[in-house]
There are 2 protein chains.
Amino acid sequence: MTATPLLITPGCPIRTTLDMLGGKWSLLVLHQLAGGARRFGELRRLLPDISEKVLVQQLKQLANAELLVRTNHGEVPPRVEYHLTALGQQALPVLAATAEFGRVYAAHIQNGRATP
Amino acid sequence: MTATPLLITPGCPIRTTLDMLGGKWSLLVLHQLAGGARRFGELRRLLPDISEKVLVQQLKQLANAELLVRTNHGEVPPRVEYHLTALGQQALPVLAATAEFGRVYAAHIQNGRATP
DNA sequence: CAGAATCCGTTTCGATACTG
DNA sequence: CAGTATCGAAACGGATTCTG
């Protein structure tokens with residue numbers, strides 16, 4: 001089960017986004033799809049540190065939230081592609097801000113202290 | 001113990017930020033500090049759903065990452081304040097993008113489908 | 001008031017093996 | 001190729017109690 005907890009606390013847009021994208025991998029998946037459609041195997045290779053099970057799980061969750069679409073071309077061998085919806089593309093600014101701050105932070109610790 | 005896991009995969013700014021702010025509460029804490037300094041008790045009241053332990057833990061982590069500063073005015077009764085550093089302020093765009101997408105998403109599900 | 005320390009349940013993660 | 005199933009480990013989160 002577990003299905004879709006996604007309990008959305010109404011009235012807090014930050015929580016809404018966090019419940020969707022705050023996970024450990026969601027934004028990385030979106031990042032890989034930002035350039036266009038990707039197959040399952042591609043995503044797996046592009047994100048080597050995520051386990052198969054979790055990747056499937058994240059993709060399901062994101063598809064469920066309608067940020068991406070899963071397309072199963074009924075072929076043999078199987079071919080399944082994922083691509084962002086228009087809604088999913090609206091999440092890209094979050095990704096951009098996240099990446100940008102990561103760079104700022106990296107620059108900061110590089111010529112300063114922090115990170116014991 | 002637990003110290004600071006913060007294992008930063010070098011080379012991925014998204015991961016860097018996610019390891020810092022991807023938690024369940026960090027962005028909410030930043031949000032409350034965006035307007036200026038806050039005392040511990042204030043934060044506790046402003047974020048009723050976070051437990052004391054987790055709040056302390058998040059504050060430590062954020063202070064450790066130098067996104068905020070803890071100021072202990074050695075008084076009785078104790079008074080401790082937290083405020084954002086310049087670096088912490090640079091994280092506010094992430095917050096803004098997160099909140100904005102939350103609004104977009106809420107509007108989307110309101111006059112459409114999704115959320116089973 | 002502002003925390004530290006402890007205990008404990010839930011959720012998440014990941015490696016492996018298996019299927020259509 | 002694109003998943004599903006299962007298991008155990010680890011992280012996360014919360015309630016309670018205690019301290020200066």
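Just so you know, these numbers come straight off a predicted model, no measurement behind them.
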Checklist entry - On DNA chain D, nearest-nucleotide positions of A:P77 versus A:K60: which is more 5'? => result A:P77
Checklist entry - Who pairs with B:R70 by side chain to side chain donor-acceptor pair (under 3.5 Å), at least two apart in sequence or on another chain? => result none
Checklist entry - Got a sec, which residues hit side chain to side chain donor-acceptor pair (under 3.5 Å) with B:Q57, two or more places apart in sequence or on another chain? => result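 Applying side chain to side chain donor-acceptor pair (under 3.5 Å) to B:Q57 gives none.
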What's the [atom1]-[atom2] distance between [X] and [N], to the nearest Å?
{"X": "B:Q57", "N": "D:dC12", "atom1": "CD", "atom2": "C1'", "value": "8 Å"}
{"X": "B:K24", "N": "D:dG13", "atom1": "NZ", "atom2": "C1'", "value": "7 Å"}
{"X": "B:E81", "N": "C:dC1", "atom1": "CD", "atom2": "C1'", "value": "13 Å"}
{"X": "A:Q58", "N": "C:dC13", "atom1": "CD", "atom2": "P", "value": "6 Å"}
{"X": "A:Q61", "N": "C:dC13", "atom1": "CD", "atom2": "P", "value": "9 Å"}
{"X": "B:I50", "N": "C:dA2", "atom1": "CD1", "atom2": "C1'", "value": "15 Å"}
{"X": "B:R70", "N": "C:dG3", "atom1": "CZ", "atom2": "C1'", "value": "8 Å"}
{"X": "A:Y82", "N": "D:dG3", "atom1": "OH", "atom2": "C1'", "value": "8 Å"}

Show the atom names and distances, to 0.1 Å, of all donor-acceptor pairs under 3.5 Å that link a side chain in residues 27-43 of chain A to residues at least two apart or in another chain.
| unit_1 | atom_1 | unit_2 | atom_2 | d |
| --- | --- | --- | --- | --- |
| A:R38 | NE | A:Q32 | O | 3.4 |
| A:R38 | NH1 | A:E42 | OE2 | 3.3 |
| A:R39 | NH2 | A:P78 | O | 3.3 |
| A:E42 | OE1 | A:R39 | N | 2.8 |

Pairs under 3.5 angstrom, nitrogen or oxygen only, protein versus nucleotides 15-20 of chain D, please.
none

Checklist entry - Can you name the salt bridge (Lys or Arg N to Asp or Glu O under 4.0 Å) partners of A:R45, sequence neighbours left out? => result none
Checklist entry - Hey, does the side chain of A:R79 reach the backbone of A:T71 with a donor-acceptor pair shorter than 3.5 angstrom? => result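 No, because the side chain of A:R79 does not come within donor-acceptor range (under 3.5 Å) of the backbone of A:T71.
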Item to check | Near-strand residues of residues 39-47 of chain B, defined as heavy-atom separation under 4.0 angstrom from DNA chain C | outcome: B:R39, B:F40, B:G41
Item to check | Candidates C:dC13, D:dT4, C:dA2 - which lies nearest the side chain of A:V56 | outcome: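 Out of C:dC13, D:dT4, C:dA2, the nucleotide with an atom closest to A:V56's side chain is D:dT4.
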Item to check | Between A:E66 and B:H108, a side-chain donor and acceptor under 3.5 Å | outcome: yes
Checklist entry - Do the side-chain N and O atoms of A:Q58 and A:S26 include a donor-acceptor pair separated by under 3.5 angstrom? => result yes
Checklist entry - For B:R44, does the CZ atom sit with more than 12 other heavy atoms under 6.0 Å from it, leaving out its own atoms? => result no
Next on the checklist: Just to verify, which of B:T16, B:L18, B:T17 counts as forming a side-chain contact (heavy atoms from CB on, under 4.5 Å) with B:I14?
Outcome noted: B:L18
